[in-house]
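What follows is a set of notes on a single structure, which appears directly below.
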Amino acid sequence: MYNKIYQILDEKGRVKTGIFLDGPYMEKKCILKPETVIREENSSETADQGSDVQLIPGNPEDQAIWDKYFNILKETRETKVAQADGHRLFVEDYRKNPRLVIFGGGHVSQPTAHLGKMLGFHVTVMDDREDFVTRERFPEADQLVYGDFKDLDQYIAPYDNAYYVILTRGHLGDADCLRRLLHRPYEYLGMIGSKNKVRVTRENLLKEGYTEAQLDEVHAPIGIPLGGQLPEEIAVSIMAEIVKVKNQHYSAYCDEKVEAAVLEGRPGVMVTIAEKSGSSPRGVGSKMFVEPSGHITGSIGGGKVEFEAIHHCKEVKEKEVKHYALTADGKDSLGMICGGQVTVVFEQV
């Protein structure tokens, strides 16, 4: 399944998986793939509903099982263990390659694009003035787009892990962008402007049939209030708000070396921390890929747990859930005094 997981992640920027850690469905796994749908204008559906989800069970015969727990999977917004009929369901929320799309190539957009690149975003800048989207103005941008904001759907493909920033030169351009972006999935949507301009734009869109729920999702006026006046200061407030939104739900670090090992077709066992408590070294979702040759990519924290996990990989047939206690005695004890516990998932790839 990991080939499919990483392929979806590259395409969509987001993907989610679920695996049972106990109960009658223990070790059964599925994927939730975002399916982007651009709603019709004036649709009453909120922006978050702009992305449907395709449920892909590890075994087609398990479709009915996963249909039963679909809502739990969909509503779990971070990497964690959820409860499903009293059983532990480990949900992994993978995110990768966040895209920052800036509409408007003015003086605030330049430092915003620069900060976006510093923070690891793929950066696109669009303007309806050709001389405002040049390499001289945006040397670090990954993509520069010249075109009418009303036609942005022709230039900017929908993407689930997208952060949209509206900084056009006037309220008409802002409204044109907002009308189209409200029908897409996004992680963040913000619009610059005074409180009065934001109020007028909101009132106009409500008259056109957009809902309070849709417009409440928009960060406007944009940014965390820092009191800054300079373009660079405003850019900091915008990116600070984006970073806050980006990190409000826990997503495990996506180790690109582990991903590359899988996509290269190398056989091995994927080892993932699903639960932890007390003094355990790495976070939930940490991964290690152990090949038959003994070559190891990634880490679940080193030390005794990793040592034991590596040796256990030789015994893994398909999937297995194993508990380690970082205690001196008792069940699953590793003879340690740290006092933590770790649940590890092993999967043949």
Side-chain angles (χ1 to χ4, degrees), residues 11-14 34-52 97-110 112-113 116-117 121-193 197-198 200-211 213-215 217-222 235 238 242:
E11 177 189 351
K12 301 288 186 178
R14 285 193 65 187
E35 292 291 346
T36 302
V37 176
I38 299 181
R39 307 295 182 188
E40 295 295 325
E41 288 201 19
N42 304 334
S43 166
S44 62
E45 295 181 73
T46 61
D48 187 57
Q49 292 171 316
S51 180
D52 290 339
N97 298 333
R99 293 184 185 176
L100 176 67
V101 184
I102 304 169
F103 297 95
H107 57 294
V108 175
S109 298
Q110 290 175 287
T112 302
K117 287 302 296 181
F121 286 80
H122 176 285
V123 176
T124 296
V125 183
M126 179 179 182
D127 203 295
D128 57 359
R129 301 164 293 179
E130 190 170 11
D131 54 340
F132 273 71
V133 278
T134 63
R135 280 290 158 206
E136 290 72 25
R137 292 179 62 79
F138 297 98
E140 298 171 288
D142 297 282
Q143 183 181 15
L144 296 173
V145 177
Y146 162 58
D148 194 312
F149 295 124
K150 292 179 180 178
D151 301 323
L152 71 84
D153 287 331
Q154 298 179 23
Y155 303 103
I156 311 293
Y159 189 71
D160 283 75
N161 198 15
Y163 296 75
Y164 296 120
V165 175
I166 301 174
L167 305 174
T168 76
R169 65 183 184 276
H171 70 281
L172 295 177
D174 292 347
D176 283 338
C177 292
L178 199 53
R179 285 186 185 95
R180 284 145 188 86
L181 297 175
L182 283 169
H183 304 294
R184 298 172 166 233
Y186 57 78
E187 288 296 307
Y188 175 92
L189 173 54
M191 182 179 71
I192 201 168
K197 189 190 86 166
V198 169
V200 171
T201 301
R202 183 185 180 97
E203 289 174 353
N204 289 338
L205 291 177
L206 286 171
K207 291 176 183 176
E208 293 176 20
Y210 292 86
T211 67
Q214 283 179 297
L215 298 173
E217 295 290 326
V218 181
H219 295 262
I222 199 170
I238 292 170
I242 285 175

Item to check | Residues I192, V165; criterion side chain to side chain contact (heavy atoms under 4.5 Å, CB included); working and verdict | outcome: CA-CA 8 Å; I192 201 168; V165 175; over 6 Å; no
To the nearest 0.5 Å, tell me how far [X] [atom1] sits from [Y] [atom2].
| X | Y | atom1 | atom2 | value |
| --- | --- | --- | --- | --- |
| I242 | L189 | CD1 | CG | 10.0 Å |
| N161 | L100 | CG | CG | 11.5 Å |
| T112 | I102 | OG1 | CD1 | 5.5 Å |
| M126 | F132 | CE | CZ | 15.0 Å |
| L167 | C177 | CG | SG | 9.5 Å |
| L205 | T201 | CG | OG1 | 6.5 Å |

Say whether, by atom type as modelled, one donor and one acceptor occur between the side chain of [X] and the main chain of [Y] under 3.5 angstrom.
| X | Y | answer |
| --- | --- | --- |
| K197 | P221 | no |
| T168 | D174 | yes |
| D142 | V123 | yes |

Do [X] and [Y] have side chains that approach each other closer than 4.5 Å (heavy atoms only, starting at C-beta)?
| X | Y | result |
| --- | --- | --- |
| H183 | Y210 | yes |
| I156 | R184 | yes |
| Y188 | I222 | yes |
| R180 | D153 | yes |
| L181 | M191 | no |

Checklist entry - Closest approach of Y186 and Q214, non-hydrogen atoms and distance? => result OH-O, 4.5 Å
Item to check | For the student: nearest non-hydrogen atoms of A113 and V125, plus distance | outcome: CB-CG2, 4.4 Å
Checklist entry - Are Y164 and H219 close enough, and set up right, to give a side-chain hydrogen bond (donor to acceptor under 3.5 Å, both in side chains), and what steps lead you there? => result CA-CA 10 Å; Y164 296 120; H219 295 262; over 6 Å; no
Next on the checklist: I'd like to know whether L152 forms a side chain to side chain contact (heavy atoms under 4.5 Å, CB included) with V101, so could you lay out the CA-CA distance, the side-chain angles of the two residues, the decisive distance to 0.1 Å, and finally the verdict.
Outcome noted: CA-CA 11 Å; L152 71 84; V101 184; over 6 Å; no
Checklist entry - Charged N to carboxylate O below 4.0 Å: is that the case for K150 and D128? => result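 Salt bridge absent between K150 and D128.
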Checklist entry - Which residue pairs pass the salt bridge (charged side-chain N to carboxylate O under 4.0 Å, His left out) test with at least one member in residues 129-140, sequence neighbours excluded? => result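 Passing the test, one end in residues 129-140: D127-R129.
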Next on the checklist: Over 60° means perpendicular and under 30° means parallel, so tell me whether Y163 and F121 are parallel, tilted or perpendicular.
Outcome noted: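 Rings of Y163 and F121: perpendicular, over 60°.
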